[in-house]
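First comes the structure, then the notes that go with it.
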Amino acid sequence: MSMITIACTINGERVETTVSSRENLADFLRDRLALTATHVGCEHGVCGACTILFDGRTARACLLLAAQADGAVIETLEGATRTGRLAALQKALYERGALQCGFCTPGMLFTAAELLEEHPAPSREEIREALSGNACRCTGYQAIVDAIETAAKDGRAER
Amino acid sequence: MKLADVEYVRADTVEHALALIAAQDAETRVLAGGQSLMPLLAMRLAAPARLVDINRLAELERLEVVDGRLVIGALVRHHRIATDPLVARVAPLLARAAPHVAHPAIRNRGTFGGSLAHADPASEFPACTLALNAEMTLASMSGRRTVRADAFFEGLYQTAARPDELLLEVSVPVATEASRFAFVEFSRRNGDYALAGIAAAATADGDRLTGVRLALFGIGDTPVLASEAAAILESGPVTDALVKQAVATLDGIEVRDSATAGERYRRHLARVALKRAALALARPEAASCR
């Protein structure tokens with residue numbers, strides 16, 4: 001096993017450490033930095049629970065090696081919550097009851113936020129398509145789609 | 001679902017990467033977007049001794065028109081193919097296919113070159129490159145060579161690239177006003193692997209089509225050109241009868257069987273895909289190309 005030195009920015013803070021070459025980024029965030037909002041579900045890129053922001057775009061943390069974080073700017077749900085960037089979406093999901101166990105919610109939030117940045121007025125069909133890589137085993141998606149639709153409307157009204 | 005132990009090396013230049021993958025001391029895999037390779041490693045379906053990370057090779061991110069061809073660096077991400085106005089203008093088939101590739105977060109990381117080098121029979125871009133007569137530029141310590149898409153996909157996850165070669169870039173001819181494209185895919189959910197699909201290209205000449213290339217995917221070990229069907233579509237004005245005749249040629253092609261979709265079902269989907277694509281090529285204004 002080789003050890004790699006990395007320096008990156010996570011939730012606005014500089015992180016310099018060494019990681020194991022076989023460590024994935026999701027495990028690194030959870031086990032080494034206690035950033036447990038990044039959930040680990042399938043560990044092979046299918047469920048979307050570990051979705052984070054990597055250099056400004058959504059990415060599966062389980063499909064990145066921690067070693068690849070060198071030089072990267074990473075945001076997890078802890079950071080996005082602190083800055084209030086996702087507050088409108090979080091409120092909409094909460095008010096619509098768009099979560100039960102909450103396991104998929106961090107990934108849903110990042111995916112929905114990226115959708116709304118690129119498409120401020122998505123159709124329900126477009127919302128569903130954007131969420132197609134994020135599995136929710138509780139809600140049947142209906143309420144999640146409702147909440148994103150509401151957040152999109154509120155966001156447009158504020159502009 | 002954790003990776004087996006593996007050495008990780010970050011390549012700083014193309015030359016560095018080529019030296020690393022040429023080294024004989026360890027089984028090596030190139031890590032680009034990692035969206036197919038990382039699951040294989042997690043599931044231990046692949047267990048190379050060394051990963052060579054090429055994500056820092058900025059020269060593999062080029063996307064520009066050179067001498068009438070769009071040059072796409074191997075590291076260009078799917079999201080960029082889907083959204084870059086240049087791609088939409090000069091290679092609309094790729095822009096149209098890109099949203100079918102997996103899901104948004106995967107498209108943010110997955111690379112064009114990685115998709116081709118991985119050569120999954122159900123993936124979209126290999127078929128597109130076949131339809132577009134793409135040329136792949138491969139590099140090794142001993143030099144560079146160009147391989148046409150027709151000769152690139154050799155088998156299930158097998159390409160013409162040697163173990164010491166790196167796919168640097170791909171080029172496709174720039175579309176003209178007479179170019180016609182169609183892309184049709186059937187999958188169980190948005191972003192899932194295709195059960196069957198087609199990437200099609202042609203040139204309109206009055207009420208006729210020339211240069212028809214119909215690349216089916218999801219049905220065999222590699223994307224396959226439906227050459228017989230293409231010849232029929234070139235043989236006269238594209239009428240419903242001619243399309244029917246072209247579709248009938250798919251009875252003779254080999255279609256794989258699998259637990260998710262049997263041979264008969266896949267063949268049926270391939271027929272429908274070809275029919276829709278043929279009509280879209282002939283009447284682009286009337287057809288939805290999705």
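Letters go in sequence order (proteins before strands), and every chain restarts at 1.
Looking at B:Leu31, only its side chain comes within 4.5 Å of chain A, counting heavy atoms on both sides. Within the 4.5 angstrom heavy-atom criterion, only side-chain atoms of A:Glu118, from C-beta onward, approach chain B. Contact of A:Phe110 with chain B is not made at all, since no heavy-atom distance falls under 4.5 Å. Neither the backbone nor the side chain of B:Arg107 comes within less than 4.5 Å of any heavy atom in chain A. Only the side chain of A:Ile4 comes within contact range of chain B, judged by heavy atoms closer than 4.5 Å. For B:Leu51, the part sitting under 4.5 Å from any heavy atom of chain A is the side chain, from C-beta outward, and nothing else.
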* Given ring pair (Phe, Tyr, Trp, His ring centres under 6.0 Å), test B:His78 with B:Phe112 step by step and report yes or no. => CA-CA 6 Å; B:His78 303 329; B:Phe112 192 70; 7.4 Å; no
* Asked: What's the verdict on salt bridge (charged side-chain N to carboxylate O under 4.0 Å, His left out) for A:Arg82 and A:Glu78, showing C-alpha distance, side-chain angles and the deciding distance?
  -> CA-CA 6 Å; A:Arg82 205 179 306 141; A:Glu78 287 91 344; over 6 Å; no
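Of the listed residues (A:Asn24, A:Thr51, A:Leu64), the one with the most heavy-atom contacts under 4.5 Å to chain B is A:Leu64. The most heavy-atom pairs under 4.5 Å with chain A, out of B:Arg109, B:Glu7, B:Arg189, come from B:Arg109. Of all the listed residues (A:Ala59, A:Cys62, A:Gly71), the one sharing the greatest number of non-hydrogen pairs under 4.5 Å with chain B is A:Ala59. With respect to chain B, the highest number of heavy-atom pairs below 4.5 Å among A:Gly45, A:Ala130, A:Ala67 belongs to A:Ala67. By number of non-hydrogen pairs under 4.5 angstrom with chain B, the leading residue of A:Asp55, A:Leu65, A:Leu131, A:Val46 is A:Leu65.
Closest non-hydrogen pair, A:Ile74 versus A:Phe54, comes out as CG1-CD1, 3.8 Å. What you find for A:Ala26 and A:Cys50 is that their closest heavy atoms are CB-CB, 4.2 Å.
In summary, the side chains of A:Arg32 and A:Thr17 do present a donor paired with an acceptor at a separation below 3.5 Å, with no hydrogens or angles considered. Between the side chains of B:Arg56 and A:Gln68, no donor N or O sits under 3.5 Å from an acceptor N or O.
Residues A:Leu33 and A:Ile10 form a side-chain contact, since some pair of their non-hydrogen atoms from C-beta on lies under 4.5 Å apart.
Rounded to the nearest 0.5 angstrom, B:Leu45 CG and B:Leu40 CG are separated by 5.5 Å.
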